[in-house]
Asks: 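The structure is given below, and queries will be raised subsequently.
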Amino acid sequence: MLDTPLTIPGLRHFETFLHELNTALPERGYRWSEAKERSCTWMLDRVVEGRGVDVGGTDWLCEQLARMGREVTFYDVVLPQEHPLHVQDDMMNVLEHFAPGSLDFITTRHTLEHSVAPLFQLWCYNRLLRPDGQLLVMVPVHAKEWVWFHTHWNCLPQENWLMLFHRAGFRVEAADAGSWNTGRDLFIELRFDLRKESESMRLKGGFPSRLVRQ
């Protein structure tokens, strides 16, 4: 238990914080590239069948998933260029748009590092996925340049991500690293193929005996 439990006034202050944060953030346009397409194939090669959502809104990824027969919803604060199934909202509100246990997979590419509350975000994904549902995650490698990037609030070392996945009830099926811009050494991403293993958060105990399935 928290020494001082969160109260309704406390949550109201958090909403004020989020409003100020969103108001202060500068606009930034992200460009797509063939190297990013090659990076996305790691997800496409692993994604399970069924219904899912791409949190962070990668147009090309959603297009390819639809071509593969997946029912996928584009979810982001901006609208997609063409994808017909879409939700425009902040990732923190994802539980407002999908029923608990209704999704087979969630993909989220270079999005979790933008969360101000990554454990909460992962808890949300756990609630949305069916038993043994899949969560595919890509985040930039922990480096000073990415930590200080102006929209990164949690650009964490790999061990921190592994801890958060475990605490939020996921097991790691596979972990990898690769580049989304082969011409620049800094552009390295961590890649995780996760499965929902526990309905409840696992907050007790230290380092588990096995984090990545062999």
Side-chain angles (χ1 to χ4, degrees), residues 14-15 18-19 21-23 25 27-33 36-37 39-140 149 151-155 161 164-165 168-170 180 189-196:
F14 188 66
E15 291 177 354
L18 290 177
H19 175 74
L21 181 70
N22 289 325
T23 301
L25 280 177
E27 292 282 340
R28 183 175 179 88
Y30 291 95
R31 294 179 295 176
W32 194 244
S33 67
K36 291 181 179 179
E37 291 183 9
S39 155
C40 284
T41 59
W42 193 90
M43 287 184 167
L44 295 172
D45 288 344
R46 289 163 174 78
V47 67
V48 299
E49 300 283 345
R51 176 174 181 252
V53 58
D54 177 51
V55 179
T58 301
D59 285 279
W60 188 86
L61 179 60
C62 288
E63 177 185 350
Q64 299 305 310
L65 286 169
R67 288 182 178 180
M68 293 167 60
R70 309 304 194 271
E71 180 187 338
V72 59
T73 299
F74 176 108
Y75 187 108
D76 198 12
V77 292
V78 299
L79 292 173
Q81 295 178 3
E82 296 183 0
H83 196 68
L85 290 175
H86 59 264
V87 172
Q88 185 178 19
D89 203 349
D90 188 275
M91 60 179 158
M92 293 190 75
N93 299 322
V94 68
L95 283 174
E96 301 297 320
H97 301 281
F98 304 93
S102 65
L103 300 179
D104 298 291
F105 67 88
I106 296 171
T107 56
T108 182
R109 180 189 175 278
H110 289 258
T111 303
L112 263 178
E113 67 271 21
H114 302 286
S115 173
V116 296
L119 182 58
F120 168 75
Q121 199 64 46
L122 290 166
W123 175 82
C124 291
Y125 297 156
N126 184 298
R127 289 180 63 84
L128 291 176
L129 288 168
R130 62 167 175 76
D132 207 42
Q134 182 184 47
L135 175 62
L136 288 165
V137 174
M138 288 183 176
V139 289
F149 191 73
T151 61
H152 287 180
W153 314 121
N154 281 285
C155 188
W161 287 122
L164 289 170
F165 298 149
F170 291 96
W180 81 94
E189 62 195 6
L190 303 177
R191 302 164 178 174
F192 302 98
D193 181 354
L194 311 169
R195 295 297 191 281
K196 177 177 173 178

Asks: State, to 0.1 Å, how close V78 and Q88 come at their nearest heavy-atom pair, and which atoms those are.
Replies: CA-NE2, 4.0 Å

Asks: I'd like to check Q134 versus V47 (side-chain heavy atoms, cut-off strictly below 4.5 Å). Are they in contact?
Replies: yes

Asks: So do M43 and R191 actually touch side chain to side chain, heavy atoms under 4.5 Å?
Replies: no

Asks: Determine, stepwise, if the pair E71 / L85 fulfils side chain to side chain contact (heavy atoms under 4.5 Å, CB included).
Replies: CA-CA 9 Å; E71 180 187 338; L85 290 175; 4.0 Å; yes

Asks: Apply salt bridge (charged side-chain N to carboxylate O under 4.0 Å, His left out) to D76 and list each qualifying residue two or more places apart in sequence or on a separate chain.
Replies: none

Asks: Return the CZ to CG distance between F120 and L164, rounded to the nearest 0.5 Å.
Replies: 14.0 Å

Asks: Report the distance from atom CG of L190 to atom NE2 of H110, rounding to the nearest 0.5 Å.
Replies: 9.0 Å

Asks: Would you say that F74 contacts P84 through its side chain, given a criterion of any heavy-atom pair below 4.5 Å between the two side chains?
Replies: no

Asks: Can you tell me how far apart CH2 (W153) and OG (S115) are? Round to the nearest 0.5 Å.
Replies: 11.5 Å

Asks: Heavy atoms only: give me the nearest L135-Y125 pair and the separation to one decimal.
Replies: CD1-CD1, 3.9 Å

Asks: Going by side chain to side chain donor-acceptor pair (under 3.5 Å), name the residues that satisfy it together with R46, two or more places apart in sequence or in a different chain.
Replies: none

Asks: Would L112 and N154 satisfy side chain to side chain contact (heavy atoms under 4.5 Å, CB included), going step by step from the backbone distance to the final call?
Replies: CA-CA 8 Å; L112 263 178; N154 281 285; over 6 Å; no

Asks: Side chains of L136 and L194, heavy atoms from C-beta outward: is any pair under 4.5 Å?
Replies: no

Asks: Rounded at 0.5 Å granularity, tell me how far CZ in R127 sits from CG in L95.
Replies: 6.5 Å

Asks: For residues M92 and V116, report the shortest heavy-atom separation together with the two atoms involved.
Replies: SD-CG2, 4.2 Å

Asks: With distance as the sole criterion, is a donor-acceptor pair present between the side chains of H83 and E63 under 3.5 Å?
Replies: no

Asks: Determine whether C62 and R70 make a side-chain contact, defined as any pair of heavy atoms from C-beta on separated by less than 4.5 Å.
Replies: no

Asks: Check T111 against G56 and note the closest heavy-atom contact, atom names and distance.
Replies: OG1-CA, 3.4 Å

Asks: Test H152 against H114 for side chain to side chain contact (heavy atoms under 4.5 Å, CB included), laying out the working first.
Replies: CA-CA 5 Å; H152 287 180; H114 302 286; 3.3 Å; yes

Asks: Any non-hydrogen side-chain atom of V53 less than 4.5 Å from a side-chain atom of F98?
Replies: yes

Asks: Going through the checks in order, is the side-chain hydrogen bond (donor to acceptor under 3.5 Å, both in side chains) test met by T107 and D54?
Replies: CA-CA 5 Å; T107 56; D54 177 51; 2.7 Å; yes

Asks: State the CZ-NZ distance between F105 and K196, to the nearest 0.5 angstrom.
Replies: 16.0 Å

Asks: With side chains defined as the heavy atoms from C-beta onward, is the minimum distance between I106 and L129 less than 4.5 Å?
Replies: yes

Asks: Could you tell me if D89 and H97 have a donor-acceptor pair between their side chains, going purely by distance under 3.5 Å?
Replies: yes

Asks: Are the side chains of L44 and M68 in touch, meaning some heavy atoms are under 4.5 Å apart?
Replies: yes

Asks: Nearest 0.5 Å, what's the CD-SG distance between Q64 and C40?
Replies: 9.0 Å

Asks: Determine, step by step, whether Y75 and T108 satisfy the side chain to side chain contact (heavy atoms under 4.5 Å, CB included) criterion, reporting the C-alpha distance in whole Å, the side-chain angles of both residues, the deciding distance to 0.1 Å, and the verdict.
Replies: CA-CA 10 Å; Y75 187 108; T108 182; over 6 Å; no

Asks: Could you pull out the closest heavy-atom pair between V72 and A66, with the gap in Å?
Replies: CG1-N, 4.2 Å

